[in-house]
K.L.:
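Here it is, the structure in full.
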Amino acid sequence: MRAQNSATTPIRVAVADRPTPSAAQPGSNRPGSNQPGSSGSKAGSTKLVGTLLAAVAVTSFSLTFPATAWGLEGFGPYSLISVRCVLAALVAGTCLLALRVRPPQRRHWAGLAIVASGVVLGFPLLTTLALETATTAHSAVVVGLLPLTTAVYSSIRTGSRPSRAFWVAACAGAAAVIAFTVQQSGGALTRADLFLFAALLICAAAYAEGGRLASLMPGWQVIAWALVLCLPLAVAGAALSLPYETVHLTGHAMAGLLWVAVGAQFLGLVIWYKGMAMIGVPKASQLQLAQPLLTLVWSVVLLGEALPVAAPLTAVAVLLCIAVTQRARG
């Protein structure tokens, strides 16, 4: 027995000392695959691509209000919203069919209905009605409060208890926007302001619910299924509104319609979710802080609007308040 054990011991040692494929010299099988710094280079490339995608998405979102103003040059508000939804739903449905995406589980449909009522129907309709009488610059400043509104709604919805700094910054941002709207309207809130504030509330609920669903399924499928869910209602709305609202198919009107339907409503969100997945929600949300300021630029460049001094000042103040809330929540 002792002889047998002593004979097998050298064999075991020899096998253990034999180099395995994982211990081979770097680059023996795949040149450069194991070189020092390759993983860091890949992470840096992913971060750069994700940042660029998120920036492109934010830019597309910032063009929504000017594009809506262009669309209103040729469509009525109800026909613009219904046709916009039909086109976006057809694009989303085609993508779902082409990729053979299975329908969501039954327990997710209630959340998708909330997303659809806010992002697909409520927010576009209310902001379009507001833009009939309000400028895009004015609307951009008010809607710039949306990240704060979403953060407050999310805190209430989840039962979390943010810090005092969070609530102070949120109230300060809301006060700045209310002061701006009252000052611009001559001392009282206008009908457009009421539409915009209602849009903030309904969109905040949809964003919070969409964020919850995005943790359970790919983010782009959330907006895609929400659009498909609204297709029957959008077709009915188009059939009712188009015969009764005057339509002028001008270049501006068609460009605005196509952009809000395909560029912002669907493709912009697909790019946004992809970039957000690559760089993370906190860094992506920091890029979105520039959206109201970009909209102010487009309102001057594309629409020739006169920009009041209070607009960029209020937008910057809201941006700072949002930054404080994000830091406080973190």
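By convention here, the first residue in the shown sequence is residue 1. Computed from a predicted model, the values in this text were never measured in an experiment.
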K.L.:
Calculate, to the nearest 0.5 Å, the distance between atoms CH2 and CG belonging to Trp70 and Leu80 respectively.
P.N.:
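Rounded to the nearest 0.5 Å, the CH2-CG separation comes out at 14.0 Å.
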K.L.:
Should side-chain heavy atoms under 4.5 Å link Ile, Leu, Val, Met, Phe, Trp and Tyr, which residues sit in the same cluster as Ile81?
P.N.:
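Cluster partners of Ile81: Tyr78, Leu125, Leu126, Leu129, Phe195, Ile202.
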K.L.:
Side-chain heavy atoms under 4.5 Å apart, restricted to Ile/Leu/Val/Met/Phe/Trp/Tyr: what other residues fall into the cluster of Ile114, or is it alone?
P.N.:
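Ile114 clusters with nothing; isolated.
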K.L.:
Can you name the side chain to side chain contact (heavy atoms under 4.5 Å, CB included) partners of Cys230, sequence neighbours left out?
P.N.:
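Side chain to side chain contact (heavy atoms under 4.5 Å, CB included) check on Cys230 returns Cys85, Ala116, Val120, Leu121.
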K.L.:
May I ask you to list the residues sharing a hydrophobic cluster with Val309, side-chain cutoff 4.5 Å, ordered by chain and number?
P.N.:
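Joined to Val309, directly or through intermediates: Leu313.
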K.L.:
Are Leu302 and Leu257 joined in one hydrophobic group, where the rule is that I, L, V, M, F, W and Y side chains link up if heavy atoms are under 4.5 Å apart?
P.N.:
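Per the 4.5 Å side-chain linkage, Leu302 and Leu257 are co-clustered.
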K.L.:
How would you list, by chain and number, every residue that makes a side chain to side chain contact (heavy atoms under 4.5 Å, CB included) with Val297, sequence neighbours excluded?
P.N.:
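Once residues adjacent in sequence are excluded, the partners of Val297 under the side chain to side chain contact (heavy atoms under 4.5 Å, CB included) criterion are Val301.
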K.L.:
Residues in side chain to side chain contact (heavy atoms under 4.5 Å, CB included) with Val101, at least two apart?
P.N.:
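Scan of Val101 (side chain to side chain contact (heavy atoms under 4.5 Å, CB included), adjacent residues dropped) gives Leu96, Leu99, Trp220, Gln221, Trp225.
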K.L.:
Please evaluate residues Val177 and Phe197 with respect to the criterion side-chain contact (heavy atoms from CB on, under 4.5 Å), reporting the C-alpha separation (whole Å), side-chain torsions for both, the decisive distance (0.1 Å), and the verdict.
P.N.:
CA-CA 10 Å; Val177 170; Phe197 283 121; 4.2 Å; yes
K.L.:
Check the pair Leu303 / Thr136 against side-chain contact (heavy atoms from CB on, under 4.5 Å), numbers first and verdict last.
P.N.:
CA-CA 9 Å; Leu303 304 177; Thr136 58; 3.4 Å; yes
K.L.:
When hydrophobic residues are tied together by side-chain contacts of less than 4.5 Å, even through go-betweens, does Phe61 share a cluster with Leu258?
P.N.:
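Per the 4.5 Å side-chain linkage, Phe61 and Leu258 are co-clustered.
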K.L.:
What closest approach, in Å, do Ala174 and Leu145 show between heavy atoms, and which atom pair accounts for it?
P.N.:
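Of all heavy-atom pairs spanning Ala174 and Leu145, the closest is N-CD1, 3.7 Å.
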K.L.:
Rounded to the nearest 0.5 Å, how far apart are CG of Leu90 and CG of Leu231?
P.N.:
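Separation between the atoms: 5.5 Å.
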K.L.:
Would you please name every residue forming a side-chain hydrogen bond (donor to acceptor under 3.5 Å, both in side chains) with Trp259, sequence neighbours left out?
P.N.:
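Not a single residue meets the side-chain hydrogen bond (donor to acceptor under 3.5 Å, both in side chains) criterion with Trp259.
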K.L.:
Same cluster or not: are Met254 and Phe65 linked, directly or through other Ile, Leu, Val, Met, Phe, Trp or Tyr residues, by side-chain heavy atoms under 4.5 angstrom apart?
P.N.:
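Linked within one cluster.
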K.L.:
Let me confirm one number: the OG-CG distance from Ser82 to Leu240, rounded to the nearest 0.5 Å.
P.N.:
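Reported to 0.5 Å precision, the distance equals 9.0 Å.
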K.L.:
Less than 4.5 Å apart, side chain to side chain, heavy atoms only: is that true for Pro308 and Gln183?
P.N.:
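Answer no - side chains too far apart.
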K.L.:
Which pair of heavy atoms, one from Leu53 and one from Ile271, lies closest together, and at what distance?
P.N.:
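Between these two residues, the closest heavy atoms are O-CG2, 3.2 Å.
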K.L.:
Rounded to the nearest 0.5 Å, how far does CZ of Arg84 lie from CG of Leu227?
P.N.:
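Between atom CG of Leu227 and atom CZ of Arg84 there are 9.5 Å.
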K.L.:
If every non-hydrogen atom of Thr314 is compared with every non-hydrogen atom of Ala176, which pair is closest and at what distance?
P.N.:
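Of all heavy-atom pairs spanning Thr314 and Ala176, the closest is CG2-O, 3.7 Å.
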K.L.:
When rounded to the nearest 0.5 angstrom, what distance separates CZ in Phe75 from OG1 in Thr246?
P.N.:
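Reported to 0.5 Å precision, the distance equals 12.0 Å.
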K.L.:
Hydrophobic clusters join Ile, Leu, Val, Met, Phe, Trp and Tyr when side-chain heavy atoms are under 4.5 Å apart, directly or via other members; which others share one with Leu201?
P.N.:
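So far as hydrophobic clustering goes, Leu201 is joined with none.
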K.L.:
Mind checking side chain to side chain contact (heavy atoms under 4.5 Å, CB included) for Ala134 and listing every partner two or more places apart, or none if nothing turns up?
P.N.:
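In terms of side chain to side chain contact (heavy atoms under 4.5 Å, CB included), with neighbours along the sequence ignored, Ala134 is linked to His138, Ser139, Ala192.
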K.L.:
Test: salt bridge (charged side-chain N to carboxylate O under 4.0 Å, His left out). Region: residues 95-123. Which pairs qualify, not counting sequence neighbours?
P.N.:
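Passing the test, one end in residues 95-123: no pairs.
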K.L.:
For the atom pair OG (Ser79) and CG (Leu72), what is the distance rounded to the nearest 0.5 Å?
P.N.:
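Nearest 0.5 Å value for the OG-CG distance: 8.5 Å.
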K.L.:
Run the numbers on Val222 and Leu216 for side-chain contact (heavy atoms from CB on, under 4.5 Å), then give the verdict.
P.N.:
CA-CA 10 Å; Val222 175; Leu216 304 174; over 6 Å; no
K.L.:
Check the pair Lys47, Thr51 against side-chain contact (heavy atoms from CB on, under 4.5 Å), reporting the backbone distance first and the verdict last.
P.N.:
CA-CA 6 Å; Lys47 181 179 179 180; Thr51 301; 4.2 Å; yes
K.L.:
For residues Ala140 and Pro292, report the shortest heavy-atom separation together with the two atoms involved.
P.N.:
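So the two residues come closest at O-CB, 3.9 Å.
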K.L.:
Going by heavy atoms in the side chains, are Leu267 and Ser60 under 4.5 Å from each other?
P.N.:
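SC-SC contact between Leu267 and Ser60 ruled out.
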K.L.:
Do Ser62 and Trp298 meet the criterion of a side-chain donor-acceptor pair at a distance under 3.5 Å?
P.N.:
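There is such a pair between these side chains.
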K.L.:
In terms of hydrophobic clustering (I, L, V, M, F, W, Y; side-chain heavy atoms under 4.5 Å; direct or indirect links), are Leu296 and Leu131 co-clustered?
P.N.:
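Result: yes, single cluster for both.
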K.L.:
Could you pull out all residues at least two apart from Glu73 that satisfy side-chain hydrogen bond (donor to acceptor under 3.5 Å, both in side chains)?
P.N.:
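Residues passing side-chain hydrogen bond (donor to acceptor under 3.5 Å, both in side chains) with Glu73: His252.
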K.L.:
Shared ILVMFWY cluster between Val86 and Leu229, side chains joined below 4.5 angstrom?
P.N.:
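As far as the 4.5 Å side-chain criterion goes, Leu229 and Val86 are not connected within one cluster.
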K.L.:
Can you pull the salt bridge (charged side-chain N to carboxylate O under 4.0 Å, His left out) pairs that have at least one residue in residues 194-223, sequence neighbours excluded?
P.N.:
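For residues 194-223, and leaving out neighbouring residues, the salt bridge (charged side-chain N to carboxylate O under 4.0 Å, His left out) pairs sorted by first residue read Arg157-Glu209, Glu209-Arg212.
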K.L.:
Have a look at Val143 and tell me which of Leu196, Val318, Thr64 forms a side chain to side chain contact (heavy atoms under 4.5 Å, CB included) with it.
P.N.:
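When Leu196, Val318, Thr64 are each tested with Val143, the side chain to side chain contact (heavy atoms under 4.5 Å, CB included) holds only for Leu196.
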K.L.:
For the residue pair Leu293 and Ala315, what are the closest heavy atoms and their distance?
P.N.:
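Leu293 and Ala315 have their closest heavy atoms at CD2-CB, 3.5 Å.
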K.L.:
If you look at every heavy atom in His248 and Ala253, which pair is closest and at what distance?
P.N.:
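Heavy-atom minimum between the residues: O-CB, 3.7 Å.
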